[in-house]
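These values consider heavy atoms only, across backbone and side chains, with no hydrogens, waters or symmetry-generated copies. The structure displayed is predicted, hence computed values, not measured ones. The chain is numbered in sequence order, starting from 1.
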Amino acid sequence: MKKLLLMISVLILSGCLGMPKNVQPVSDFELNRYLGKWYEIARLDHSFERGLNQVTAEYSLKDDGGVMVINRGFSPSKNEWKEAEGKAYFVNGDSEGYLKVSFFGPFYGSYVVFELDHENYQYAFISGPDTGYLWLLAKTPTVSPEVIQQFIKMAKAKGFDTDSLIYVEQKSAEVKQ
């Protein structure tokens, strides 16, 4: 019984580190340029972000060579900020935009940068382990319509349900950070 539970646990944990069939992580990834605060521009819905706006992700180096991740968003319905702290590590090497991220102890999920503004690191398209996880992040609270159209076109071609995208409100006069 113990062996069976161990095998099931390994299968479950390893299953979260895959990526959609048509998604490939970017190469020539430079972590130091990626670090800092990113604004969530668009996403597919998930319970852990449901109803949140002004969502940001902040990445900084950890002493062990990994990446500290702080996700933050405002819940208007509860009139409060929600924050989650996690950690991320490269899966294959630090020049590939493929990391595993954890917010819950030993459980990791895929974080795949499949498109990136390599010149200025101003936007990134992110996938999780399957086509149910998709984000457009940017170093600024807004992006050009061209970037949004590129995101939609590329994501749709890779099998994501772009009709279900949520566009994240980033500014509110009522709430101060």
Considering all heavy atoms of both residues, which atom of [X] and which atom of [Y] are nearest to each other, and what is their separation?
X: L134; Y: A155; value: CD2-CB, 3.7 Å
X: V143; Y: A138; value: CG1-CB, 3.4 Å
X: V147; Y: L136; value: CG1-CD1, 4.3 Å
X: A157; Y: N22; value: O-ND2, 4.2 Å
X: K100; Y: V91; value: N-CG2, 3.7 Å
X: W135; Y: R43; value: CD1-CB, 3.5 Å

Item to complete: Give the ring-plane orientation class for F48 versus H46, where under 30° counts as parallel, over 60° as perpendicular and anything between as tilted.
Response: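 Answer is parallel, since the angle falls under 30°.
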message = Please verify the inter-ring angle class for F114 with F160; under 30° counts as parallel, over 60° as perpendicular, anything in between as tilted.
response =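 Judged by the thresholds at 30° and 60°, the geometry between F114 and F160 is parallel.
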*asked:* Applying side chain to side chain contact (heavy atoms under 4.5 Å, CB included) to K87 and V69, what does each step give before you reach the verdict?
replied: CA-CA 5 Å; K87 56 191 174 188; V69 181; 6.0 Å; no
Gap separating the [atom1] atom of [X] from the [atom2] atom of [Y], nearest 0.5 angstrom:
X: R33; Y: D28; atom1: CZ; atom2: CG; value: 10.5 Å
X: Q170; Y: E40; atom1: CD; atom2: CD; value: 7.5 Å
X: E115; Y: K158; atom1: CD; atom2: NZ; value: 8.0 Å
X: T162; Y: I152; atom1: OG1; atom2: CD1; value: 6.0 Å
X: F90; Y: L99; atom1: CZ; atom2: CG; value: 4.5 Å
X: S60; Y: K37; atom1: OG; atom2: NZ; value: 13.0 Å

Check whether any side-chain heavy atom of [X] lies under 4.5 Å from a side-chain heavy atom of [Y], and answer yes or no.
X: V113; Y: P25; value: no
X: L44; Y: L165; value: yes
X: L137; Y: I126; value: yes
X: K139; Y: Y34; value: no

Examine [X] and [Y] and state if one hydrophobic cluster contains both, with Ile, Leu, Val, Met, Phe, Trp and Tyr joined whenever side-chain heavy atoms are less than 4.5 Å apart.
X: L35; Y: F29; result: yes
X: I70; Y: L52; result: no
X: Y108; Y: M19; result: yes
X: Y133; Y: V55; result: no
X: I166; Y: Y39; result: no

- Task: Evaluate the criterion side chain to side chain contact (heavy atoms under 4.5 Å, CB included) for residue pair F74 and K82; output intermediate values, then yes/no.
- Result: CA-CA 6 Å; F74 185 75; K82 298 201 176 247; over 6 Å; no
### Query
Can you list the steps and then say if R72 with E83 is a salt bridge (charged side-chain N to carboxylate O under 4.0 Å, His left out)?
CA-CA 4 Å; R72 189 168 192 247; E83 188 173 285; 3.6 Å; yes
>> Donor-acceptor check, side chain of Y121 to backbone of E30, threshold 3.5 angstrom: yes or no?
In response: yes
> Is S110 reaching over with its side chain to a backbone N or O of G18, donor-acceptor style, under 3.5 angstrom?
Replying inline: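 The answer is yes, because a donor-acceptor pair under 3.5 Å joins these two groups.
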**Message:** Pair Q150, F125 - check side chain to side chain contact (heavy atoms under 4.5 Å, CB included), show working.
**Reply:** CA-CA 10 Å; Q150 178 187 357; F125 304 169; 4.1 Å; yes
- request: Would you please test V101 and V67 for side chain to side chain contact (heavy atoms under 4.5 Å, CB included) and show each step?
  value: CA-CA 9 Å; V101 64; V67 178; over 6 Å; no
Check your understanding: Does a side chain donor of either Q122 or W38 reach within less than 3.5 Å of an acceptor in the other side chain?
Key ->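 Absent: no donor and acceptor within the cut-off.
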*More than 12 heavy atoms from other groups under 6.0 Å of NZ on K156*: no
